[in-house]
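Heads up, the thing below is written out as structure tokens.
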Amino acid sequence: METMQRLGTKGCLRQFWICILFSCLIFQSGDGFYLPGSYPHKYGVGDRLSVKVNSLTSIDTEIPFSYYSLPFCKPLEGVKDSAENLGELLMGDRIENSPYRFRMHTNETEIFLCKTDPLSADAYKLLTKRIDEMYQVNLILDNLPAIRYTKKEGYFLRWTGYPLGVKVQDVYYVFNHLKFTVLVHKYEETNVARVMGTGDAAEVIPTIEKSGSDVPGYMVVGFEVVPCSFQHNVDSVKNLKMYEKYPSSIRCDPSSVAMVVKQDQPMVFTYEVSYVESDIKWPSRWDAYLKMEGSKVHWFSILNSLMVITFLAGIVLVIFLRTVRRDLTRYDDLDKEAQAQMNEELSGWKLVVGDVFRAPDHPALLCIMVGDGIQILGMAVVTILFAALGFMSPASRGTLITGMLFFYMILGIAAGYVAVRLWRTIGCGDYTGWVSISWKAACFFPGIAFLILTTLNFLLWGSHSTGAIPFSLFVILILLWFCISVPLTLVGGYLGAKAPHIEYPVRTNQIPREIPAQKYPSWLLVLGAGTLPFGTLFIELFFIMSSIWMGRVYYVFGFLFIVLILLVVVCAEVSLVLTYMHLCVEDWRWWWKSFFASGSVAIYIFLYSINYLVFDLKNLSGPVSATLYIGYSLFIVLAIMFATGTVGFLSSFWFVHYLFSSVKLD
């Protein structure tokens, strides 16, 4: 934390970027790019490979559960949790060891795992319920999730994990035999000289030689699983121990099922593993997970959306600039007598010169929301930028959420600065109450988020889900909030109180001007303005929603960053146009309307999320699942409203200040 705070000076900032560039060079090998936080691991022939298990997940309920909540085989050494970061815990991941053990490049078949105890009534009911809810088992080998291939209408579909079982004609079958295929690639020694220099410089730096480099080694570049339902002979495994060979041959046929789930009957689990040498190189091993079906449509849709929105934004900008420039040029070209006469016959936005900077209703709330919006927007921009550069790849689980929290806390200083400086500007330089504004800015949006997430967490606790945030993690989050985010926001508020306030170019009359009756409600136009910003992201929004709720991997952060920039531009343009239109009809109450003109995009995103729930998540079952979905969606759209509303307000404030400082009206 102290290191990041010292980056305010130019020298440290330069060193920071040099370190990033140097890290990128170090991580790069001769044939690919190694993502930060992910390194190749060399295994010798016969070395042990440990398979880990993650939470059971389902797109039918969206509630994750622990793998060992069901009657599965447990490791001999007992169940142990793997080290997890903050993001993994918040996402509901619970990574634990498993009884599956492999030996590198050693094929094994018909390996007996265990025989469970006879299923009690509660265990049988729970297992069949999870099968009905289409829960998937998620396995991990060398940081690679198990992937399953299915063929449908001549196309191969890729899925992560495999289903618990299947229900056929009111009979439940469990997949109790797993056929693993591990893709391996021969280890290639990294030549450090090639990385650190070229030409003569490369000859100066010696190549690092490792002892035993002549011993063949392999890297895991793929992990595939085929689940099968095989009817085992329970009596033949009474005396077998874990990892011994099953007494008879096992034929894995994924197209048929045989192992019926029965109450008071045990289940037998077995597995087999084979190794295949692959041409896939280690830096490219995640391609199988990222290149899901429909990727071509995804890229084409995004490009099409970008072109259309850029064209529309250009039209809006041209119309706006021509209108404003014509008014200003027409007024500035007049002589003094004509200007004096024109001042007597002013119309449109020139009539509200004495009221345009009148303090809005609830100014403190506006300052707080704008400050929080700056914090959220900055967090989104920095996080997506780092993700686009590869620093938050899917290979590093939880880093995206962890990075978002980190950047959000650090940017508390920006929230406090903007909120207090805007407060002083509205108060014409009076910095009284800046501590209260800073404190409220530090607690307003996080308080709303804490209320929503705590309510949802009680539902997850009641369901005994791994998605529930543990109490200890709750304490950690509160400590991070009050020990890092709040102090930084207060520091930003102090800097904002010391900074000079923005002076208005015109004076404000003591008596407010009466606003003429409008032909139509102005708020109706404000709410409708959100359709254009929504058009910039609704295609991208579908893939983001699919990533969150359908278990797909989202990876096109470069396109997402472009869409975010377009969204900011369009929000600014829409708010400018709406503000100008309101001023032209002598409506000087532009402060809140400029905020909600662009912030109203959140309404359409929320409506889209409801549409996604009804038409895309048709199988989402139970009131708990629906409540979780709506609660998380509400939390997301509130954050979007704060961010987009802030963009619209700040752009409108700049425009109004520039507009009335460009002409002299007495």
Side-chain angles (χ1 to χ4, degrees), residues 313-314 316-329 331-332 348-350 352-360 363 366-378 381 414-429 492 495-496 499-508 526 529-530 532-533 564-584 587-601 641-665:
V316 173
L317 185 61
V318 169
I319 293 176
F320 167 71
L321 289 178
R322 283 186 176 181
T323 303
V324 176
R325 185 176 299 172
R326 184 174 61 249
D327 284 353
L328 292 177
T329 304
Y331 186 83
D332 292 338
W349 58 270
K350 308 175 191 67
V352 296
V353 61
D355 299 275
V356 69
F357 288 108
R358 186 176 302 280
L366 178 63
C367 296
I368 292 166
M369 293 178 69
V370 170
D372 286 345
I374 283 290
Q375 190 175 8
I376 296 170
L377 181 64
V381 171
Y417 178 84
V418 172
V420 170
R421 193 173 184 195
L422 180 60
W423 170 255
R424 292 192 61 214
T425 298
I426 294 177
C428 298
L495 297 177
H501 70 282
I502 302 173
E503 296 184 358
Y504 296 146
V506 294
R507 294 190 301 269
T508 301
V526 169
L532 188 57
L564 178 62
I565 298 301
L566 282 178
L567 177 65
V568 170
V569 172
V570 173
C571 285
E573 292 173 349
V574 167
S575 184
L576 290 180
V577 173
L578 264 293
T579 299
Y580 182 72
M581 292 176 63
H582 282 102
L583 294 179
C584 286
D587 186 354
W588 46 266
R589 297 173 300 183
W590 59 272
W591 300 76
W592 280 108
K593 292 177 182 178
S594 65
F595 185 93
F596 287 110
S598 54
S600 61
V601 65
M641 184 195 72
F642 276 58
T644 55
T646 297
V647 171
F649 169 78
L650 293 179
S651 59
S652 292
F653 183 86
W654 168 84
F655 162 69
V656 173
H657 190 278
Y658 172 79
L659 181 64
F660 284 89
S661 62
S662 300
V663 293
K664 302 300 180 182
L665 297 174

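In what follows, residues are counted from 1 in the order of the sequence shown. Just so we're clear, the structure is a prediction, and the values are computed from it rather than from any experiment.
Scanning all heavy atoms of the two residues, the minimum distance from Ser594 to Thr579 falls at CB-OG1, 3.6 Å. Shown here for Val647 and Val568, the closest heavy-atom pair between the two residues is CG1-O, 3.4 Å. Ser651 and Gly648 get closest at one heavy-atom pair: OG-O, 2.9 Å. The two residues Gly599 and Met641 have their closest heavy-atom pair at O-CG, 3.6 Å.
Looking only at side-chain heavy atoms (C-beta outward), Tyr504 and Thr425 come within less than 4.5 Å of each other. Looking only at side-chain heavy atoms (C-beta outward), Trp588 and Val656 stay at 4.5 Å or farther from each other. Between Thr644 and Pro533 the shortest side-chain heavy-atom distance does not fall below 4.5 Å. Residues Leu366 and Met369 form no side-chain contact, since every pair of their non-hydrogen atoms from C-beta on lies 4.5 Å or further apart. Taking the side chain as every heavy atom from C-beta outward, Val356 and Leu659 never approach each other to under 4.5 Å. Counting heavy atoms from C-beta outward, Val370 and Phe595 have side chains that approach closer than 4.5 Å.
Between atom CZ of residue Arg589 and atom NE2 of residue His582 there is a gap of 9.0 Å, rounded to the nearest 0.5 Å. If you take NZ on Lys593 and OG on Ser652, they are separated by 12.5 Å, rounding to the nearest 0.5 Å. Taken to the nearest 0.5 Å, the CG atom of Asp587 stands 11.5 Å off from the CE atom of Met581. Atom CH2 of residue Trp654 and atom CG of residue Leu576 lie 7.0 Å apart, to the nearest 0.5 angstrom. In this structure, the separation between CZ on Arg507 and CZ on Phe357 is 13.5 Å, given to the nearest 0.5 Å.
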_Go through it in stages, so that I can follow the logic: the residues are Ser575 and Ser598, the test is side chain to side chain donor-acceptor pair (under 3.5 Å), and I'd like the CA-CA distance, side-chain angles, deciding distance and then a yes or no._
CA-CA 6 Å; Ser575 184; Ser598 54; 4.9 Å; no
_Would Leu650 and Ile374 count as a side chain to side chain contact (heavy atoms under 4.5 Å, CB included) here? Give the steps._
CA-CA 10 Å; Leu650 293 179; Ile374 283 290; 3.7 Å; yes
*asked:* Set out, in order, the CA-CA distance, both residues' side-chain angles and the distance that settles side chain to side chain contact (heavy atoms under 4.5 Å, CB included) for Trp590 and Phe649, then state yes or no.
replied: CA-CA 9 Å; Trp590 59 272; Phe649 169 78; 4.1 Å; yes
*Do His501 and Trp423 pass the side chain to side chain contact (heavy atoms under 4.5 Å, CB included) test, and can you show the C-alpha distance, the side-chain angles, and the key distance before you say yes or no?*
CA-CA 9 Å; His501 70 282; Trp423 170 255; over 6 Å; no
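Residues passing the side-chain contact (heavy atoms from CB on, under 4.5 Å) test with Ala359, sequence neighbours excluded: Ile426.
Ring planes of Trp591 and Phe653: tilted class, angle from 30 to 60°.
In summary, of the residues considered (Val574, Val569, Leu567), a side-chain contact (heavy atoms from CB on, under 4.5 Å) with Cys571 occurs for Leu567 alone.
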